[in-house]
**Student:** 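This is the structure, below, for whatever I ask next.
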Number of protein chains: 2
Amino acid sequence: MTTLQTQSLLPSVAIDCVVFGFHENELKVLLLKLKNIDLWALPGGFVNQGVDLDSEALNALEIRTGLDNIFLKQFHTFGSIERNDTDHNRMLVDKKVIDPEWFEWFDQRFISVGYYALVEYSQVREPIPGPISEACEWCSVNDLPPLMLDHRHILETAHMTLKTELNNQPIGLNLLPKRFSIPELQSLYETILGKKLDRRNFRRKVMSFDILVCTNERRTGVAHKAPLLYEFDEEKYHAAHQAGLSSGW
Amino acid sequence: MTTLQTQSLLPSVAIDCVVFGFHENELKVLLLKLKNIDLWALPGGFVNQGVDLDSEALNALEIRTGLDNIFLKQFHTFGSIERNDTDHNRMLVDKKVIDPEWFEWFDQRFISVGYYALVEYSQVREPIPGPISEACEWCSVNDLPPLMLDHRHILETAHMTLKTELNNQPIGLNLLPKRFSIPELQSLYETILGKKLDRRNFRRKVMSFDILVCTNERRTGVAHKAPLLYEFDEEKYHAAHQAGLSSGW
DNA sequence: ACAAAAGTGTTCTGGTTACACCCATGG
DNA sequence: CCATGGGTGTAACCAGAACACTTTTGT
């Protein structure tokens, strides 16, 4: 989309995606750097008249990451009137981030539907910047650059949702490579939750979910004792995802 | 709103509310009966340009129930293209449910933001029908009339969300009268979950949350042993609501 | 007095917590 | 050979499930 065909777009509705990845024991988020200005934005887009909302969210990500088959979940819709900011939009035109002819479209009041995605970091070769951005990079959740409008709030809401979901569902299939060690999985959990977990108890609990299959191979070329590699039993993983893990009533 | 001022409304965006109440051991939902036709709809509405999405949802309910200070929570946004149905809208005009001049507005493609509300049944004196409806009634979730478009799907999603939330948060403050017995609270839980719970275990668990205060009064004029009446400790209730109840990681 | 519902306690089990120990590997 | 991290075991504790008995009330 180098040209914006606003007439075919659904007015008032935008999509913002929080794309989580995991790399070097850090939780990362895919962000776009706007042109000519030190301001970053969540990948997202608008909704074409003939396309499902969910499909548009998938499309937006496919364009940025080159991945299809992404795990994507709607988590909240942001509808505060403070979201739209004419001064901000004028600034975007002044800084040549957006073309002046788009101003009117951008200056609408938008409701934004937030999605979060979980992707395997290494699978995203080269994130692709869009028409209003000059770079697309992974940023650490703990060290975010200045974000546009309420994008920081959206991001934090997504992160909180992810933490909560961790109690109900297994997570990892979409964030880790096919084969991984238990300590790596633990590191992922610790990173998302922002706290340390006991090694032995973690192993036992995650094993009790019965979603891991042990390949009898070990990670090589690494310091210290070589850990065993596991894979997810995808069928059981998805079953657990559906059913949920929590006890409750 | 007897006249629809479409120019001041945010296009493409609608709100649907699933209002839950509890009465005679049944989970009820507030539904509007359309004029001249045996078809029912969720209360809802559109979004004025200058008003927050959440505020509009509150407004919509205040108009129908006469209540303010309602517990209201956004749960999902519905954005399938199959949601809009020109034949359905034409039928609404034919049956004089909506004025022909509204047809164009109604026949837009809408994204609908779903909210669910928990209200105390007895506090809603007389639900007020809107401009397109001739009645507003409580219907049992287990015995629903024919619903418009995807409203049944929205309702079921809300019900599922409510079940899930029950595992994370205490529920009851908004659905029960100020004073209630433990068996009444249990009945509410059983109704929402659609299954029986053990009396003794329920009592112990709910007591362990430490959100109930025993008034030393008993329900009078009722058969059998008079149960003690409790109230919620609102401060602790809200704290538990924030923090969540589940164990997790 | 009896049926029906309220209120209380106990046992059993399984999951969570908080530990200590041995094993493998690279430096 | 030793520091570091991987892998395994275990005792104490708490929460949930299953269940039996007593108390109170209206009929």
Side-chain angles (χ1 to χ4, degrees), chain A residues 24-25 166-170 172 176-177 179-191 193 195-231 240 243-249, chain B residues 24-25 163 166-170 172 176-177 179-191 193-231 240 243-249:
Chain A
E24 290 177 345
N25 289 340
L166 219 52
N167 289 326
N168 305 322
Q169 283 145 23
L176 294 173
R179 297 190 165 190
F180 53 89
S181 67
I182 306 269
E184 281 161 8
L185 181 61
Q186 180 178 345
S187 174
L188 169 63
Y189 269 68
E190 289 178 338
T191 303
L193 294 170
K195 68 175 176 189
K196 289 283 166 197
L197 301 171
D198 184 276
R199 284 176 323 136
R200 302 153 275 210
N201 295 335
F202 178 84
R203 173 182 295 268
R204 197 181 359 204
K205 184 157 177 172
V206 86
M207 283 307 204
S208 77
F209 294 162
D210 191 32
I211 52 172
L212 292 179
V213 182
C214 184
T215 75
N216 285 301
E217 292 177 46
R218 289 168 187 280
R219 172 126 305 161
T220 58
V222 72
H224 316 302
K225 183 170 180 176
L228 279 165
L229 293 177
Y230 290 79
E231 290 177 3
L245 299 170
S246 64
S247 49
W249 294 96
Chain B
E24 290 177 345
N25 289 340
K163 282 189 198 181
L166 221 51
N167 289 326
N168 305 321
Q169 284 144 24
L176 293 173
R179 299 191 163 189
F180 54 89
S181 68
I182 305 269
E184 280 161 9
L185 181 61
Q186 179 177 349
S187 174
L188 168 63
Y189 269 67
E190 288 178 338
T191 303
L193 293 169
K195 68 176 176 188
K196 288 283 166 196
L197 301 171
D198 184 275
R199 287 182 5 245
R200 302 155 275 207
N201 295 335
F202 178 83
R203 173 183 296 267
R204 188 145 27 107
K205 184 158 178 172
V206 86
M207 282 308 203
S208 77
F209 296 162
D210 190 31
I211 52 173
L212 292 179
V213 182
C214 184
T215 75
N216 284 302
E217 293 177 44
R218 291 170 185 279
R219 172 124 306 160
T220 58
V222 72
H224 316 303
K225 182 170 180 173
L228 279 164
L229 294 178
Y230 291 78
E231 290 178 3
L245 299 170
S246 65
S247 50
W249 295 97

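The figures here come from the full heavy-atom set of this structure, side chains too, leaving out hydrogens, waters and symmetry mates. In the text below, chain A, chain B and the rest are named by the order of the sequence lines, each starting its count at 1.
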**Student:** Please report the distance, rounded to the nearest Å, between CG in A:Leu228 and P in C:dT25.
**Tutor:**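 To the nearest whole Å, that distance equals 11 Å.
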**Student:** I'd like to know if the side chain of A:Arg179 reaches the main chain of A:Leu229, judged simply by a donor and an acceptor atom lying under 3.5 Å from each other, with no hydrogens or angles considered.
**Tutor:** no
**Student:** For A:Arg218 and A:Arg199, take the nucleotide of DNA chain C holding the closest heavy atom to each; which residue's nucleotide lies nearer the 5' end?
**Tutor:**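 Per heavy-atom nearest nucleotide, the more 5' residue is A:Arg199.
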**Student:** Rounded to whole angstroms, how far apart are CE on B:Met207 and C1' on C:dA6?
**Tutor:**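 It works out to 12 Å between those atoms.
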**Student:** For A:Trp249, does the six-membered ring have the charged nitrogen or CZ of B:Lys205 within the cation-pi criterion, i.e. under 6.0 angstrom from the centroid and within 45° of the normal?
**Tutor:**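 Judged by the rule (NZ or CZ under 6.0 Å from the ring centre, within 45° of its axis), B:Lys205 counts as positioned above A:Trp249.
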**Student:** For a quick test of reading the model: is some side-chain N or O of A:Lys205 closer than 4.0 Å to OP1 or OP2 of C:dG15?
**Tutor:** no
**Student:** Whole-Å distance between C:dG7 C1' and B:Phe202 CZ?
**Tutor:**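 So the two atoms are 15 Å apart, to the nearest Å.
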**Student:** Tell me the closest heavy-atom pair linking A:Ile182 and A:Tyr230, and the distance in Å.
**Tutor:** CG1-CE1, 3.4 Å
**Student:** Assign each of A:Asp198 and A:His224 to its nearest nucleotide of DNA chain D by heavy atoms, then name whichever residue's nucleotide is nearer the 5' end.
**Tutor:**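 Going by which nucleotide is closer to the 5' end, it is A:His224.
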**Student:** Please figure out whether A:Ala223 or A:Arg204 has its closest DNA chain D nucleotide nearer the 5' end.
**Tutor:** A:Ala223
**Student:** Run the side chain to side chain contact (heavy atoms under 4.5 Å, CB included) check on B:Asn167 and A:Asn167 step by step: do they pass?
**Tutor:** CA-CA 11 Å; B:Asn167 289 326; A:Asn167 289 326; over 6 Å; no
**Student:** Any side-chain N or O of B:Arg200 below 4.0 angstrom from OP1/OP2 of D:dC19?
**Tutor:** no
**Student:** Would you mind reading off the distance between B:Leu197 atom CG and D:dA17 atom P, rounded to a whole angstrom?
**Tutor:**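 Going from B:Leu197 (CG) to D:dA17 (P), I get 9 Å.
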**Student:** What nucleotide among D:dG6, C:dA6, D:dC19 has an atom nearest to a side-chain atom of A:Pro227?
**Tutor:**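 The answer is D:dG6.
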**Student:** Check every atom of C:dA24, D:dT25, C:dA18 against the side chain of A:Asn201 and return the nucleotide holding the closest atom.
**Tutor:**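 Looking only at side-chain atoms, A:Asn201 lies closest to C:dA18.
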**Student:** Write down the distance between CG (B:Asn167) and P (D:dA15), rounded to a whole number of angstrom.
**Tutor:** 17 Å
**Student:** Without swapping roles, check the side chain of A:Gln186 against the backbone of A:Leu197 for a donor-acceptor pair under 3.5 Å.
**Tutor:**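 Yes; judged by distance alone, with no hydrogens or angles, the pair exists.
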**Student:** Using whole Å, report how far CD of A:Glu217 lies from C1' of D:dG7.
**Tutor:** 18 Å
**Student:** Please report the distance, rounded to the nearest Å, between CZ in B:Arg203 and P in D:dA15.
**Tutor:** 18 Å
**Student:** Take atom CD of A:Glu184 and atom P of D:dG7, then tell me their distance rounded to the nearest Å.
**Tutor:** 10 Å
